[in-house]
Amino acid sequence: MAAGREHFGSRFAVIMAMAGSAIGLGNIWRFPYMVGENGGAAFILVYILSSFLLSLPIFFSEAVIGRSTHANTFGAMRQLAPGTPWRWLGLLTILSPVIILSYYSVVGGWSVEYLLKSLALQFRTPEAAAGFGGFISSTWGPLVCHTVFLALCAAVILGGVKSGIEKFSKLTMPVLFVLIVLIMIYSLSLPGASEGVRYLVKPDFSKLTPSAVAAAMGQSFFSLSLGVGTILTYASYIHKDENLLVSGAGTAAFDLVFALLAGFAVMPAVFAAGIEPAAGPGLVFETLPHIFAKMGLASPWLSSGVAILFFITILVAALSSAISMFEVGVAYLVEEKGISRRTATLGLFAFAWTLGALCSLSFGPLSGFKLFGETLFSFCDKLTSNFLMTFGGLLFTLFVGWKMDKMRVRNELTNGGSLPMNGRLFGIIYFMIKWVAPVVIGIIFVTNLLL
Ligand code: TRP
């Protein structure tokens, strides 16, 4: 299976690719708001704890499966548990990323449109900033942008693991950090910015309710792209001598730092403009353009420049996450169905384009079509975020903790004992994988199911 398979070229490449998957819209439009709403620094503390105590064990579970088999999600399950129902987990984790890709690409398309708008220097008047609702409910504009976004993903995927995904990630991730730091500096320099800083850092333990703790766990889980086979697939491209613990911790650290930088880039500007903080698409596509327009009255060129940098950041962050979803399905089709990478890419493109197009139209012409009371876009979002991702994460930890041979897990995490990891560290990680993570995600899963 491993013969002829591509590998990431270096540790830097591994971490950049995985960080590319992890760093996405979740860091920019979800994290800052959640921090402010749920107790500031107190929330950040819980978030860091759950990243390392809960999300990393799940990350390691996926990474152990992927790297030990050097196979796609389905092939990995077939190798490790042949002839058992675990192969359904392999299939589930091919389905989930394709569904996420479909609606994520619609949002990616919006960022294409907004980048073009900012390049055309349109965010200089409040009227131009107000058109979000009208745009997403129209028919053709969003469809064209969705197509462009998905085609950009396909182009990277066609390049392969090394000259596509690795090259793209190594180039864009460092640029992303530079851009977000520049935007943060601008944002912090605005009069009134300190109110936004206070919103993020003021520890308020009284807001740290059980649901805030659950939100912190859910956010760290979502932010690391867990539970849908992306980390498994990327890990299957990691060399045997690479240290999985370092790759995992590095990815989590980059993801966290980026989320914090995004928080300090977004919230000070929101408060400086005297606007109520919001979460979700509204924050990025409505609140911020409004702010750019407001700032534009004083210094049009600077605010246009910042708007351009900001939408480049959103677009690149979304692209690098989307290609990781794309790769899961491509790896499966190439390795299990024996078709060429090109055909696999085109096939997935066609599928994700069609489902995505229907999701896009569900904001406008198809808004009357409801599944379980939700439009198609929101159904796909809820199905994956609340259900399939947690379910997948739960099954991955159960598989590694209870089904896989413990020696094999140990060998994978210690590279056959050659890494200087003491037995106690492995014992702790294994305990987290076997007991803590499944119980906690199980609780989150059941809560999502019932609410
Ligand atoms: N981590 C991504 C973000 O922060 C979102 C995401 C969730 C994701 N699940 C994923 C990305 C699976 C790729 C694959 O926006």
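Counting starts at 1 for both ligands and their atoms, following the listed order. It should be emphasised that the depicted structure is a prediction, and the values quoted were computed from it without experimental measurement.
- A distance-only check finds a donor-acceptor pair linking the side chain of Trp402 to the backbone of Lys434 [under 3.5 Å].
- Ring geometry for Tyr237 versus Tyr234: interplanar angle of 30 to 60°, hence tilted.
- The ligand atoms of ligand 1 that sit less than 4.0 angstrom from a heavy atom of Asn27 are 4 (O).
- Taking only nitrogen or oxygen atoms, main chain and side chain alike, Val228 does not reach within less than 3.5 Å of ligand 1.
- Atoms of ligand 1 lying under 4.0 Å from any heavy atom of Ser321, numbered from 1 in the order shown and given with element: 11 (C), 13 (C).
- Nearest to atom 9 (N) of ligand 1 among the protein's heavy atoms is Met389 CE, 3.2 Å.
- The residue from Leu383, Val228, Ile100 that alone fulfils the side chain to side chain contact (heavy atoms under 4.5 Å, CB included) condition with Leu388 is Leu383.
- Under the 30°/60° scheme for interplanar angles, the aromatic rings of His7 and His239 are found to lie parallel.
- Under a 4.0 Å criterion applied to the non-hydrogen atoms of Ser21, ligand 1 contributes the atoms 1 (N), 2 (C), 11 (C), 13 (C).
- Among Ser385, Ala22, Ser96, the residue whose heavy atom lies nearest to atom 3 (C) of ligand 1 is Ala22.
- In the model, His146 has a side-chain atom that pairs as donor or acceptor with a side-chain atom of Ser105 under 3.5 Å.
- In summary, the atoms of ligand 1 found under 4.0 Å from a heavy atom of Ser324, numbered by their order in the structure, are 13 (C), 14 (C).
- The residue among Gly26, Pro97, Ser225 with a heavy atom at the shortest distance from atom 10 (C) of ligand 1 is Ser225.
- For the pair Arg30 and ligand 1, no heavy-atom separation below 4.0 Å is found.
- The single protein non-hydrogen atom nearest to atom 6 (C) of ligand 1 is Phe222 O, 3.8 Å, given as residue, atom name and distance.
- Annotation: Leu224 places no N or O atom under 3.5 Å from an N or O atom of ligand 1; distance criterion only.
- Considering backbone and side-chain N/O of Thr230, none are found under 3.5 Å from N/O of ligand 1.
- Partner of Ser55 under the side chain to side chain donor-acceptor pair (under 3.5 Å) criterion, out of Ser50, Ser223, Ser220: Ser220 alone.
- Only the side chain of Tyr104 comes within 4.0 Å of ligand 1, judged by heavy-atom distances.
- By the 30° and 60° cut-offs, the orientation of the rings of Phe132 relative to Tyr114 is perpendicular.
- Between the side chains of Tyr103 and Thr384, at least one donor-acceptor pair of N or O atoms lies under 3.5 Å.
- Ring orientation note: the planes of Phe285 and Trp29 are nearly perpendicular, at an angle over 60° on the 30°/60° scale.
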